Trainee: 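Have a look at this one.
The figures here come from the full heavy-atom set of this structure, side chains too, leaving out hydrogens, waters and symmetry mates. Quick caveat: nothing in here was measured; it's all calculated off a predicted structure.
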Amino acid sequence: MDDLTPDQVLRVKRLASGALVHARFSDLPSATVMVNKALEEFSYNGLILCLMLWADTVAEAQGLLKDGRGKRVTPVWNNTRTGKTTRNADEVAAPGRWAGRFLAARAARDHDLCEGLIQSIADHPEQFTATVNVMLAASATTLNNIAARAA
């Protein structure tokens, strides 16, 4: 996010964090407002930073960044309708598949894969928007599951 100043990065971090908190508590209208502000104020760079921050928050909560180097993980997708999980990416819609792969790439600190994944949606506004929404929901759900297990 070389295009953003340190103050702008801080603003995006606040918006991303706020959106994630609202999503965790099922306040999707407020989460959407914060994501839209990131888009309005910082264009797609703001949303890309949101994606990175959400993924890093999940990886940190899962203990995958303890040594600072990251860790290779295999994504597992949850089907919210059936309650079943799968490791087969082909069983998941494209935005969910992308989110799982991005979460795994960020956890592994695989910057090339992260960049490739971002480029794969960068020129497709509808796909980009759907992916941001799924990534936010997946991050919130994962953090809620971690919190429930810890309680």
Side-chain angles (χ1 to χ4, degrees), residues 1-2 9 12-36 38-39 42-151:
M1 302 293 72
D2 299 333
V9 169
V12 174
K13 285 182 178 183
R14 287 181 179 144
L15 291 169
S17 296
L20 186 54
V21 168
H22 286 295
R24 286 191 64 196
F25 290 96
S26 300
D27 182 359
L28 297 182
S30 295
T32 300
V33 166
M34 299 191 106
V35 170
N36 287 339
L39 176 60
F42 306 106
S43 188
Y44 285 105
N45 282 341
L47 293 184
I48 291 167
L49 184 54
C50 286
L51 292 168
M52 290 185 214
L53 293 167
W54 296 330
D56 291 350
T57 299
V58 168
E60 183 69 36
Q62 291 175 320
L64 299 173
L65 304 179
K66 288 181 181 170
D67 61 5
R69 293 187 313 229
K71 193 179 236 183
R72 295 248 175 239
V73 295
T74 300
V76 175
W77 291 273
N78 294 316
N79 184 324
T80 55
R81 289 186 306 257
T82 66
K84 294 182 180 181
T85 61
T86 183
R87 292 183 187 273
N88 183 353
D90 294 332
E91 295 178 14
V92 182
R97 187 170 44 245
W98 188 97
R101 288 177 173 159
F102 190 75
L103 284 162
R106 288 295 291 180
R109 293 299 188 235
D110 187 335
H111 301 292
D112 291 338
L113 181 54
C114 288
E115 181 65 26
L117 286 164
I118 289 168
Q119 290 305 315
S120 74
I121 60 171
D123 295 330
H124 308 282
E126 300 85 21
Q127 187 179 3
F128 196 95
T129 300
T131 301
V132 168
N133 292 333
V134 168
M135 183 69 180
L136 176 58
S139 298
T141 299
T142 301
L143 292 172
N144 286 344
N145 290 341
I146 292 168
R149 283 192 302 264

Trainee: Can you tell me how far the CG atom of Leu136 sits from the CE atom of Met34, to the nearest 0.5 Å?
Mentor: 11.0 Å
Trainee: Drop me the distance from Leu47's CG to Thr131's OG1, to the nearest 0.5 angstrom.
Mentor: 11.0 Å
Trainee: Can you name the nearest heavy-atom pair linking Val134 to Gly96, along with the distance?
Mentor: CG1-CA, 3.6 Å
Trainee: Kindly compute the distance separating NE2 (His111) from CD1 (Ile118), expressed to the nearest 0.5 Å.
Mentor: 11.0 Å
Trainee: Taking all non-hydrogen atoms of both residues, which atom of Ala105 and which atom of Leu113 are closest, and how far apart?
Mentor: CB-CD2, 3.7 Å
Trainee: Assess the residue pair Val12 and Cys50 against the criterion (side-chain contact (heavy atoms from CB on, under 4.5 Å)); give the C-alpha distance rounded to whole Å, side-chain angles, the decisive distance to 0.1 Å, and a yes or no.
Mentor: CA-CA 7 Å; Val12 174; Cys50 286; 4.0 Å; yes
Trainee: Considering non-hydrogen atoms only, spot the tightest contact between Val73 and Pro75 and give its length.
Mentor: O-CD, 3.9 Å
Trainee: Using 0.5 Å steps for rounding, measure from the OH atom of Tyr44 to the CG atom of Leu51.
Mentor: 11.5 Å
Trainee: Are the charged groups of Asp110 and Arg101 less than 4.0 angstrom apart, N to O?
Mentor: no
Trainee: Under 3.5 Å, is there a donor-acceptor pair between the side chain of Trp54 and the main chain of Met135?
Mentor: no
Trainee: Please lay out, stage by stage, how Thr57 and Ser139 fare under the test side-chain contact (heavy atoms from CB on, under 4.5 Å).
Mentor: CA-CA 8 Å; Thr57 299; Ser139 298; over 6 Å; no
Trainee: For the SG atom of Cys114 and the CD atom of Gln119, what is their distance to the nearest 0.5 Å?
Mentor: 12.0 Å
Trainee: Please give me the minimum heavy-atom distance between Gln62 and Ile146, naming the atom from each residue.
Mentor: CG-CD1, 3.5 Å
Trainee: Can you tell me if Arg106 uses its side chain to pair, donor with acceptor, with the backbone of Ala55 under 3.5 Å?
Mentor: no
Trainee: Report yes or no: does Ser43 contribute a side-chain atom to a donor-acceptor pair with the main-chain N or O of Asn45 at less than 3.5 Å?
Mentor: no
Trainee: Is it the case that the side chain of Arg72 and the backbone of Ala108 share a donor-acceptor pair, with hydrogens and angles ignored and the cut-off at 3.5 Å?
Mentor: no
Trainee: Give me the atom names and distance for the closest heavy-atom approach of Ala147 to Arg24.
Mentor: CB-NH2, 3.7 Å
Trainee: Taking Asn145 as the fixed residue, which of Thr142, Thr141, Leu143 is the one that meets the side chain to side chain contact (heavy atoms under 4.5 Å, CB included) rule?
Mentor: Thr141
Trainee: Could you tell me the separation between the CD1 atom of Ile121 and the CZ atom of Phe102, rounded to the nearest 0.5 Å?
Mentor: 8.0 Å
Trainee: Any side-chain heavy-atom pair from His22 and Leu28 closer than 4.5 angstrom?
Mentor: no
Trainee: Does the side chain of Glu115 come within less than 4.5 Å of Ile48's, by heavy atoms?
Mentor: no
